[in-house]
Every structure is written in C-alpha cells, then in structure tokens.
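This report concerns only the one structure given below.
Order of appearance sets the numbers: ligands from 1, and atoms from 1 within every ligand. All of these numbers come straight from a predicted model, not from anything done at the bench.
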Amino acid sequence: MTAPVLTDRSVPPTETGLPPSRISAGVFSPRSLITALPNALRGLDPRRMVKNPVMFVVEIGSVLSTILCFTEFSGFVLAVTIWLWLTVIFANLADAVAEGRGKAQAASLRAGRATATARKLDRDGREISVPAGDLRKGDRVVCEAGDVIPGDGDVVEGVAAVDESAITGESAPVVRESGGDRSSVTGGTRVLSDRIVVEIRNEPGDSFVDRMIALVEGSQRQKTPNEIALNVLLASLTIVFLLVTIALQPMADFSGAPQSIVVLVALLVCLIPTTIGALVSAIGVAGMDRLVQRNVLAMSGRAVEAAGDVSTLLLDKTGTITFGNRRADRFLPAPGVDGNDLAKAVLAASLADETPEGRSIVELCAERYGLDAAAPVAGEVVEFSARTRMSGIDLPDGSELRKGAVTAVAEWVRSHGDELPTESQNDADAIAADGGTALLLARTAKGRAEVLGVIHLKDVVKPGIAEKFSELRTMGIRTVMITGDSALTARTIAKEAGVDDFLAEATPEDKLAYIRKQQEGGRIVAMTGDGTNDAPALAQADVGVAMNTGTAAAKEAGNMVDLDSSPTKLIEIVEIGKQLLITRGALTTFSIANDVAKYFAILPAMFMVAYPGLSALNIMGLSSPQSAIISAVIFNALVIVALIPLAIRGVRYRPTSASKLLSRNLFIYGLGGLVVPFVGIKIIDLLVSLIPGVA
Ligand SMILES: Nc1ncnc2c1ncn2[C@@H]1O[C@H](COP(=O)(O)OP(=O)(O)OP(=O)(O)O)[C@@H](O)[C@H]1O
Ligand SMILES: [K+]
Ligand SMILES: [Mg+2]
C-alpha cells in the first residue's frame with residue numbers, strides 16, 4: 001500500500017477539538033468608518049435609497065429642507081438640513097462598513113485567482129497552456145507540484161498533497177485523490193507534491209471562489225424573510241408617524257402655534273425608526289461576515305437566520321463527539337482460532353481499506369504482529385459502505401473475508417446457515433458497553449461461514465464537548481447523536497457526552513426520516529455531512545452544513561459549506577445565527593424606545609410658546625424650542641454612528657434560555673433606549689445653545 005497516511009482533516013483539532021478560526025472574528029476598527037465614506041456617499045442615489053423606506057423618507061425630508069434653505073433661510077434651517085443629510089449618510093455608512101469588510105476579503109480572493117494559467121489536456125492528451133478563466137465544464141487539466149489548481153473539479157487521476165490555505169487559511173496540507181470522498185479540489189489551491197489530473201466542474205464565472213466573492217461582497221445578498229417582515233413593520237410605523245405629523249399641523253394652526261415645515265420634517269425624522277432602519281441591513285451583512293471569518297460560506301442569508309432558530313442539532317458521533325481517528329486496539333480470536341491466524345486474516349481484509357479504521361487496523365497488524373503492511377493486495381476488494389457496514393476481500397482461492405458491524409456480519413454469517421459463537425458475541429458486547437466499537441471478522445469457504453474473531457476499535461469522547469452540549473441545552477437546543485455504530489456503543493457514548501438522544505445503526509435513509517419527523521413536530525433541524533450519502537438529509541435539513549472536503553453532491557445539497565471541514569463547526573454556526581437574531585432584536589427595541597423618548601423631548605418644546613403651561617412638561621429644561629429640535633435631530637443622527645460597531649460586532653451573547661434573554665434585552669435595550677436620548681439630547685442642547693444664530 002503506497003497511499004500516504006495523512007488524515008483528511010484539514011485542521012488539527014485543538015484541545016477541545018474545536019478548530020481555531022482564521023481571523024479573530026468581529027473586529028471593528030473606527031478607521032473603517034472613514035474608508036467607507038465614498039461608498040456611503042454613492043449610496044445616496046435615490047434608486048438605491050428607495051429599497052430602505054425609512055431612510056428614503058429621511059432623504060426626501062433632507063431634499064425638502066434643502067429647498068427651504070433657499071426660500072426661507074435661517075441658521076436653524078441650515079443646521080437641520082445639514083444634520084438630516086448626515087443622518088442619511090450615516091445610515092449608508094453602516095452598510096458601506098459592513099460591505100467593505102467583505103470587499104477586502106473578495107479582493108484577496110481575486111488576487112489569488114487572477115494569475116492562474118491552466119495546463120489543459122486536449123483530445124489527444126497533449127498539454128496546452130490556457131488562461132484559467134477559459135476553462136469549461138468537463139475540461140481536464142494537469143496539476144503538478146507547485147501549480148495552482150485553475151478551477152473547481154474532481155481528481156480523476158493520481159494522488160497529491162494540496163495546500164488549501166488560500167481558501168481555508170489553514171496551512172496543513174490535505175490529500176486529494178481520485179475516486180471516493182476526497183476527490184474534490186477547489187480552484188486557487190496549490191498542489192504541493194505529485195501529479196493529478198483534474199476534471200473541471202463548472203462553467204467560467206460559476207466557480208466556488210466566484211460564488212464566494214459574490215457572497216462576501218454582498219452583491220448576491222437577498223433580504224431574508226425576517227428582514228422583509230421587519231422592513232414592513234418599519235415602513236408601517238413610518239406611515240403612521242407621517243400621518244401623525246401631517247395631522248399635527250391643523251391642530252397646531254387651531255391652537256395658534258403653526259409649525260414651520262422644517263420643524264415638521266425634523267419631528268417626523270425623529271419619530272420614525274431611523275436607527276434600526278439604518279442598521280438592519282448592516283446587521284445582516286455582518287452576520288454573514290462573521291460566518292466567513294470562521295471559514296463558513298452561507299449560500300443565503302436565510303440559512304444564517306435559520307441557524308439562529310435551530311432547535312434540533314444532529315451531530316455525527318465519530319469525529320464530532322469523539323476524536324475522528326477511531327483506532328484498532330486489539331484483536332480477540334473466536335474459540336479455536338489462533339491469534340496470529342486471526343491477525344493475518346484481519347490484515348488481508350484491511351490492506352485495501354482506506355478508511356481511518358482500516359488504516360489503523362493495518363498499523364496494529366504491523367506493530368503488534370510484525371506483519372507486512374505494504375504487502376500486495378491479492379483478490380477482489382469489497383470497499384466499506386455505510387449501508388452494508390462491512391468491508392473485506394474475495395480471495396483468489398474462492399474464500400471471502402468480511403469485517404464490519406457486529407449485526408451486519410452476524411447477518412452475513414447467518415445467511416450461510418451458520419451462527420455467531422457466544423464468546424465472540426460476549427466480547428463484542430463488552431467492548432460496546434465500554435463505548436468502543438466492535439468489528440466482527442468472518443470467512444466463508446466452500447459455502448460455510450466461520451467467525452474468526454472480534455476487532456476492538458477505541459473511540460475517545462472529546463474533552464469539553466459535554467459542556468458544549470449543556471450550553472446548547474440552556475439555549476433550548478436538543479442535541480442528537482447519529483452513528484452507524486451499535487445501540488450499545490451509542491448509549492455509552494451518548495451518556496458520556498451528555499447528548500439528549502441518539503440514533504444508532506443509522507443508515508442515510510434513517511437520518512432523512514429522523515429529520516422529517518423532527519420537522520413535522522415544528523422543530524428546525526441542523527446537521528453536517530460530507531458524503532454523497534448525506535446529500536438527501538443535508539437538503540432536507542433547515543441548515544445543512546457540507547464539509548469542504550466532502551463530495552460535490554454534499555456541497556450542492558447543503559446551504560452552507562465549512563471550509564475547515566470541522567465537524568463541531570455547526571455549534572459555532574448556531575451561535576452566530578442566534579447572535580444575529582438577538583442583535584437585530586436588541587437594536588430594534590433600542591430604536592423604538594429611543595423614538596418614544598424623543599417624542600417627549602420635542603413635543604413640549606414645539607408647543608411651549610403657544611401653551612406656556614406645557615413648559616412644565618419640558619422636564620429636560622432645554623434652552624429653547626429650536627435648540628430642542630436641533631438637538632433631537634443631531635442625537636438621532638449620532639446614535640446611528642454610535643451603534644455601527646455594535647451592529648457589526650453583534651451584541652455580546654451568552655448561552656441562556658430564550659425567555660431570560662428576552663427579559664434581559666428588554667431591560668438593557670428597552671430601558672436604555674428610553675433613558676439615553678434624554679441624557680444625550682440634554683448634552684447636545686447645552687452645546688448647541690452656545691452657538692449663536694442657530695437656536
Ligand atoms: N472500514 C470499515 N470496515 C468495516 N466496517 C466498518 C468500517 N468502518 C466502520 N465500520 C462499521 O460500520 C459501522 C457504520 O459505520 P459509519 O461510518 O456509517 O458510522 P460510524 O463511523 O460508526 O459513525 P459516524 O456516523 O459518526 O461516522 C461502524 O459502526 C462499524 O461497526
Ligand atoms: K428616529
Ligand atoms: Mg464512519
């Protein structure tokens with residue numbers, strides 16, 4: 001056997017088994033406010049503004065007030081006009097900052113791609129040099145050590161170590177080889193050793209990197225259902241306040257205190273939910289961006305939101321809850337079978353088995369029994385599949401060797417009219433009760449089957465994973481462990497890891513059925529997968545995270561791709577989704593509370609002249625009606641800028657139950673939203689009253 005023994009996990013697990021992320025996520029630098037300014041100004045185009053009804057109303061108000069600057073000029077009108085425009089610019093700034101982060105990532109992706117030339121194979125198998133951008137679906141290209149892979153595709157020939165750091169940011173090389181679940185390669189990654197032939201999977205412009213660029217730039221971002229609902233709410237509030245403001249004038253007239261148009265515009269802008277209206281799309285872009293920072297690509301904003309609503313999490317046992325490299329520990333011969341003969345048979349059945357289990361069995365044969373791990377494979381190899389749960393070899397002498405899950409091999413033995421020895425059954429049960437995996441080895445010769453013994457595979461639960469699950473439980477999320485292993489093993493591991501439920505001896509169909517059942521019960525389900533087998537379940541799940549090392553089918557079926565191929569990433573994804581929803585909720589609460597407070601700050605000021613009695617309501621003691629109004633407008637604009645970092649970074653989030661979270665946020669952002677404007681407006685009023693000619 002010559003295949004290099006490297007794991008296909010592109011990220012070495014850290015102590016908790018959780019991979020490190022590439023860039024510290026959620027960093028926000030105040031400088032980005034300045035660099036985003038040109039884009040913010042470009043965003044003033046009414047054709048773009050109209051997509052955001054709240055801010056569009058502010059823009060119309062700004063235009064109106066600009067006209068008033070010419071018809072009835074005063075320092076007050078000018079000041080209001082300037083701050084109204086600033087309000088619109090600040091709102092665009094939020095979007096521009098959020099999108100700017102994605103653009104920077106897109107630029108570095110493009111840089112890697114631009115230089116690539118491809119060594120295309122023509123029909124006669126001759127190499128010709130073509131620009132990578134000209135490659136079409138189905139073209140075959142040669143990549144040797146040092147070459148950049150010119151496009152996404154599948155390895156159809158050879159084995160190579162590939163550096164995927166350009167895409168994943170992770171420097172450990174991964175092995176890519178033809179056939180099986182590790183054949184998929186990504187354009188822009190670099191071949192480090194050997195030679196492979198890659199068949200290109202996409203037409204030009206539709207590669208993974210192209211899609212990634214479009215996504216991080218935000219150009220493909222569509223409003224999610226929740227965002228649309230929120231926008232409808234904000235637009236309705238805007239209409240209500242517009243009517244209120246219009247209705248105010250006849251009343252003001254009647255009471256002998258007619259208000260100028262500019263005051264009415266200022267009042268309207270203060271009343272409508274400008275804060276959340278300005279930040280809502282930045283919050284969505286930033287959520288997507290937080291995923292990208294953790295090397296996850298969401299194919300839609302909707303998937304990110306669904307992640308925040310997840311209530312059932314399906315996790316694989318092997319590699320997620322336990323360390324992936326399940327290792328052979330010992331061989332237990334059946335009665336009457338010699339230990340060395342068992343080892344030889346085990347080796348023959350495993351020489352061509354490329355699964356981590358198979359490789360570790362071969363290593364144990366070499367280490368403990370001194371057998372030749374590089375011996376040639378003689379016979380017809382039967383590869384492992386999750387459906388049969390067996391692997392083995394048909395030998396040239398007509399005998400067949402099978403190893404696999406106890407129930408599967410026992411069934412195979414029985415189909416030949418033979419029985420499993422009690423001793424081997426007991427050995428297997430003891431291993432399972434201890435949380436290990438037992439594989440049975442059996443042989444048929446001349447129509448009779450014989451059990452040769454049991455292979456003990458050891459599986460270790462990752463440290464720290466039990467705490468993660470209890471955090472998830474406080475968040476109201478049910479964790480379900482899925483495994484192809486026996487119920488006995490599953491029960492032991494499930495108990496140790498603290499999952500809420502498990503599905504043992506699960507076939508891909510079982511997974512799909514389980515997801516459907518959960519969804520019928522109204523639960524939102526998330527799962528990860530990498531094999532073609534997983535594709536139907538990935539498609540059915542509300543959040544389906546495909547591993548980048550996985551097959552093309554799995555990646556097409558899911559709605560997210562994890563570039564690190566880390567099985568525990570799902571937990572982080574759910575947390576990011578929750579944080580997105582909570583940030584949006586918190587800032588909506590803050591914004592609306594703010595507007596209510598501003599109402600009480602401005603109205604008394606507006607009518608103080610007509611009704612001196614109202615000055616009792618002027619609890620804030622603002623210096624003049626005009627100063628009160630301009631202060632409220634300034635505050636209204638500044639609060640947007642002040643909250644941009646929070647919108648980008650997301651509100652701090654600790655796992656707790658939904659109801660606790662709600663009351664905590666209502667307290668902080670609701671009460672805060674009521675109090676902050678009074679303080680802020682008062683301070684601004686003190687400053688404004690110092691400027692002559694404005695107030
Ligand atoms: N290389 C192999 N050859 C033979 N049998 C195997 C091999 N690998 C695993 N098995 C058996 O098949 C069963 C199913 O394997 P499968 O990979 O579907 O699930 P699993 O590895 O137990 O759990 P998970 O779903 O978390 O990966 C295993 O529990 C084991 O008994
Ligand atoms: K407002
Ligand atoms: Mg497995």
For [X], counting its heavy atoms only, list the atoms of ligand 1 lying under 4.0 Å from any of them.
X	value
Asp353	1 (N), 2 (C), 3 (N)
Ile482	25 (O), 26 (O)
Gly404	4 (C), 5 (N)
Lys317	26 (O)
Asp485	22 (O), 29 (O)

Can you see whether [X] engages [Y] through a side-chain donor-acceptor pair at a distance of less than 3.5 angstrom?
X	Y	value
Thr274	Asn636	yes
Asp95	Ser281	yes
Asn594	Ser591	no
Glu227	Asn231	no

Once you restrict to heavy atoms under 4.0 Å, what part of [X] touches ligand 1? Side chain, backbone, both or neither.
X	result
Thr318	both
Lys403	both
Thr483	both
Leu439	side chain

Side chain or backbone, does [X] bring an N or O within less than 3.5 Å of an N or O on ligand 1?
X	value
Thr437	no
Gly484	yes
Ser486	no

Checklist entry - Do Val639 and Phe590 have side chains that get closer than 4.5 Å, going by heavy atoms? => result yes
Checklist entry - With a cut-off of 3.4 Å, does any N, O or S atom of Ile272 fall short of it relative to the K ion (ligand 2)? => result yes
Next on the checklist: Please determine whether side chain to side chain contact (heavy atoms under 4.5 Å, CB included) holds for the pair Val58 and Ile272, giving the CA-CA distance in whole Å, both sets of side-chain angles, and the decisive distance to 0.1 Å.
Outcome noted: CA-CA 9 Å; Val58 182; Ile272 62 178; 4.0 Å; yes
Next on the checklist: Would you call the rings of Tyr369 and Phe331 parallel, tilted or perpendicular, taking 30° and 60° as the class edges?
Outcome noted: parallel
Item to check | Sub-4.0 Å heavy-atom approach of Met481 to ligand 1 | outcome: no
